[in-house]
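Below is one structure, written out as structure tokens; comments come after it.
Along the sequence shown, the residues carry numbers beginning at 1. Numbering of ligands and ligand atoms starts at 1, following listing order.
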Amino acid sequence: MNIFETKIICKTFQGLEQVLAEELQTLNAQNIQVIKRAVVCDYNLELLYRCNLELRTCLKVLVPVFEFESNSPEDLYNFASRISWEDFFNIDQSFAIDFTIQSEYFKHSQFASLKLKDAICDRFRNLHKGKRPDVNTEKPDILFNLHIYRNQVTVSLDSSGTSLHQRGNRIEQTIAPINEVLAAGLVLLSKWDKQSHFIDAMCGSGTIVLEAASMAINKAPNLDRTYFCFKHWKNYDKSLYNDICTELEQKITKFPYKIIGSDNSKKSIFTTQTNVKKAGYNSIIEVRESSIQKVIPPMGKGTLIINPPYGERMQTHEIDRLYKQIGTAFKEHFTGYTCGIISSDIEALKNIGLKPFKKYALINGKLDCIFNLYEMYEGSKRKPKTTNQDTSPNE
Ligand SMILES: C[S@@+](CC[C@H](N)C(=O)[O-])C[C@H]1O[C@@H](n2cnc3c(N)ncnc32)[C@H](O)[C@@H]1O
């Protein structure tokens, strides 16, 4: 059945579905429905462009085009051969197929996607005297997504192409960088009000502070990105897309508080500085070399989020000691702050020695993680120091 232009499926990481649904609400999406690792809403072309440009916690934006039942690769081929693929793209455009298959009928996922590819190529061969479009798995013009659950086959057009975590300006990475979509999710889950300071005191390559900075200045996360597959679709409305980009540019504001990225590794500091420069955030993000034990944040309200080492590369006693030091730093230096920590190390997290007011189950890469949020009220041991004691926003 052809179901083109009815629904938009926004994919995300497990645990971020609700945050993504809230983001879609702010875009005025209609009939929002949360499903596993995705959020579905009604289709319209403007919303499709906005989802790709503006959603911070979305990995891919798909538009389902065909749904049918099939219980063998041959059957899939026969059905797909009857589809007018030429309505979606031209022979001189490249294409590729992404797939997610969970089915007893399709034990070899790759084989099912090959059958779909053959059906598409054979259709073009029949129409164009033996000629077929090229396959380009790196940066195709047209990307199809084949989703099979049991005998339910859905073919979607992937409007994003590469994953939307690739914001278009990130260049350097250190060990274990967090995905941009997850980083943005952490900042949104922390409910940082953007009317106060923000710190990542274990910033690595700076992903979390970069995401926080784009939120602080109200910049759409993918405004600097140029590659989107929807630009190669037959219904691409360039003037609509340009108008949205112009509007988003005009919405960028100044941020009068501090965003600080610090780390005790020289290499991480260099990497963060490089990334901050590349993103054009020199005037927004301050980068400091410091251990978390010594970080003295600006006075007043703020939010700290850290993604510390999880212990795969450290001995248990070392990781316990590090997490104890983190807990002490929260208590001694972060009065007035909301402190967030993501870790897969449930045992090590107990060493923080504080009761979280919120806990979220998330996935970082392949690791099940907990994101704990602590409210550091007045009355902790923090004493005023002479350095970095700003109580007011920056001018
Ligand atoms: C998992 S990485 C953070 C990755 C980061 N979120 C990113 O996206 O690139 C953990 C970071 O903690 C830093 N670190 C470890 N112990 C520290 C300490 N005591 N004080 C400050 N930073 C520390 C490491 O240098 C490393 O960069």
Side-chain angles (χ1 to χ4, degrees), residues 13 16 56-57 163 165-167 169-190 192 198-215 221 259-279 281 285-297 303-334 339-345 348-349 351-352 362-372 388:
F13 291 124
L16 291 181
R56 299 181 190 278
T57 57
S163 168
H165 81 273
Q166 294 173 21
R167 306 301 202 201
N169 50 32
R170 174 73 175 278
I171 42 161
E172 300 277 336
Q173 295 191 336
T174 51
I175 298 169
I178 198 165
N179 182 291
E180 285 78 352
V181 163
L182 179 57
L186 299 181
V187 182
L188 291 173
L189 284 171
S190 77
W192 176 47
F198 185 93
I199 302 180
D200 176 356
M202 294 181 138
C203 67
S205 51
T207 320
I208 299 175
V209 282
L210 287 166
E211 289 301 312
S214 81
M215 286 181 212
I259 297 183
I260 300 167
S262 63
D263 199 290
N264 69 353
S265 137
K266 274 201 179 1
K267 186 170 185 296
S268 293
I269 291 306
F270 177 75
T271 309
T272 299
Q273 277 165 340
T274 310
N275 291 334
V276 165
K277 197 169 164 201
K278 175 86 178 156
Y281 288 160
I285 302 175
E286 188 183 314
V287 187
R288 300 180 187 168
E289 188 183 332
S290 171
S291 71
I292 190 162
Q293 298 92 310
K294 293 202 177 130
V295 168
I296 305 296
T303 296
L304 165 100
I305 294 179
I306 52 167
N307 166 219
Y310 295 171
E312 302 94 34
R313 298 179 196 88
M314 286 167 95
Q315 306 235 343
T316 311
H317 70 273
E318 282 177 330
I319 202 85
D320 283 349
R321 195 165 62 116
L322 177 64
Y323 279 53
K324 261 188 203 131
Q325 288 167 338
I326 292 171
T328 306
F330 285 3
K331 287 173 227 162
E332 296 195 341
H333 301 306
F334 286 90
C339 294
I341 174 167
I342 181 168
S343 179
S344 64
D345 213 323
L349 274 173
N351 292 293
I352 298 291
L362 297 168
I363 310 263
N364 183 5
K366 290 198 168 103
L367 300 171
D368 286 321
C369 288
I370 298 288
F371 179 47
N372 278 350
N388 307 313

### Query
For Glu289, which residues count as a side chain to side chain donor-acceptor pair (under 3.5 Å) partner, sequence neighbours excluded?
Lys266
#### Entry: Ser265 neighbourhood, listing ligand 1 atoms whose heavy-atom distance to it stays under 4.0 Å
25 (O)
### Query
With distance as the sole test, does Thr272 use its side chain to make a donor-acceptor pair with the main-chain N or O of Gly204 at under 3.5 Å?
yes
### Message
Taking Ser205's backbone N and O only, do any of them form a donor-acceptor pair with Asn275's side chain (distance below 3.5 Å, no angle check)?
### Response
yes
### Task
Would you mind running through ligand 1 and noting each atom that sits below 4.0 Å from a heavy atom of Ser205?
7 (C), 8 (O), 9 (O)
### Message
Do Ile363 and Asp368 have side chains that approach each other closer than 4.5 Å (heavy atoms only, starting at C-beta)?
### Response
yes
### Query
Given Leu210 and Val276, is the side-chain contact (heavy atoms from CB on, under 4.5 Å) satisfied, shown in steps?
CA-CA 7 Å; Leu210 287 166; Val276 165; 4.3 Å; yes
### Query
Is there any N or O on Asn307 that sits under 3.5 Å from an N or O of ligand 1?
yes
### Query
Which ligand 1 atoms are under 4.0 Å away from a heavy-atom of Ile178?
6 (N), 7 (C), 8 (O)
### Query
Which of the atoms of ligand 1 are close to Ala201, meaning less than 4.0 Å from one of its heavy atoms?
21 (C), 22 (N)
### Message
Looking only at distances, can you tell me whether any N or O atom of Asp200, backbone or side chain, sits closer than 3.5 Å to an N or O atom of ligand 1?
### Response
no
### Task
Test side-chain hydrogen bond (donor to acceptor under 3.5 Å, both in side chains) on Ser214 and Arg167 and set out the steps.
CA-CA 11 Å; Ser214 81; Arg167 306 301 202 201; over 6 Å; no
### Query
For ligand 1, which atoms, with element, lie under 4.0 Å from some heavy atom of Ser290?
21 (C)
### Message
So, regarding Ile292 and ligand 1 (criterion: nitrogen or oxygen to nitrogen or oxygen, under 3.5 Å), is there a contact or not?
### Response
yes
### Query
Side chains of Ile326 and Ile352: does their closest heavy-atom pair fall under 4.5 Å?
yes
### Summary
Numbered in order shown, the ligand 1 atoms found under 4.0 Å of a heavy atom of Gln293 are 19 (N)
#### Entry: Option of least heavy-atom distance to atom 17 (C) of ligand 1 (set: Val295, Asn275, Asn264, Asn364)
Asn264
### Message
Tell me whether Ser291 has any N or O atom under 3.5 angstrom from an N or O of ligand 1.
### Response
no
### Message
Would you say Asn364 and Tyr310 are linked by a side-chain donor-acceptor pair, where the criterion is simply a distance under 3.5 Å?
### Response
yes
### Ile306 contact mode with ligand 1 (heavy-atom cut-off under 4.0 Å)
neither
#### Entry: Per-atom contacts of ligand 1 with Pro177, taking only distances under 4.0 Å to non-hydrogen atoms
7 (C), 8 (O), 9 (O)
### Query
Which atoms of ligand 1 are found less than 4.0 Å from any heavy atom of Cys203?
5 (C), 7 (C), 9 (O)
### Task
Verify side-chain contact (heavy atoms from CB on, under 4.5 Å) between Phe198 and Val187, making sure each step is shown before the conclusion.
CA-CA 9 Å; Phe198 185 93; Val187 182; 4.0 Å; yes
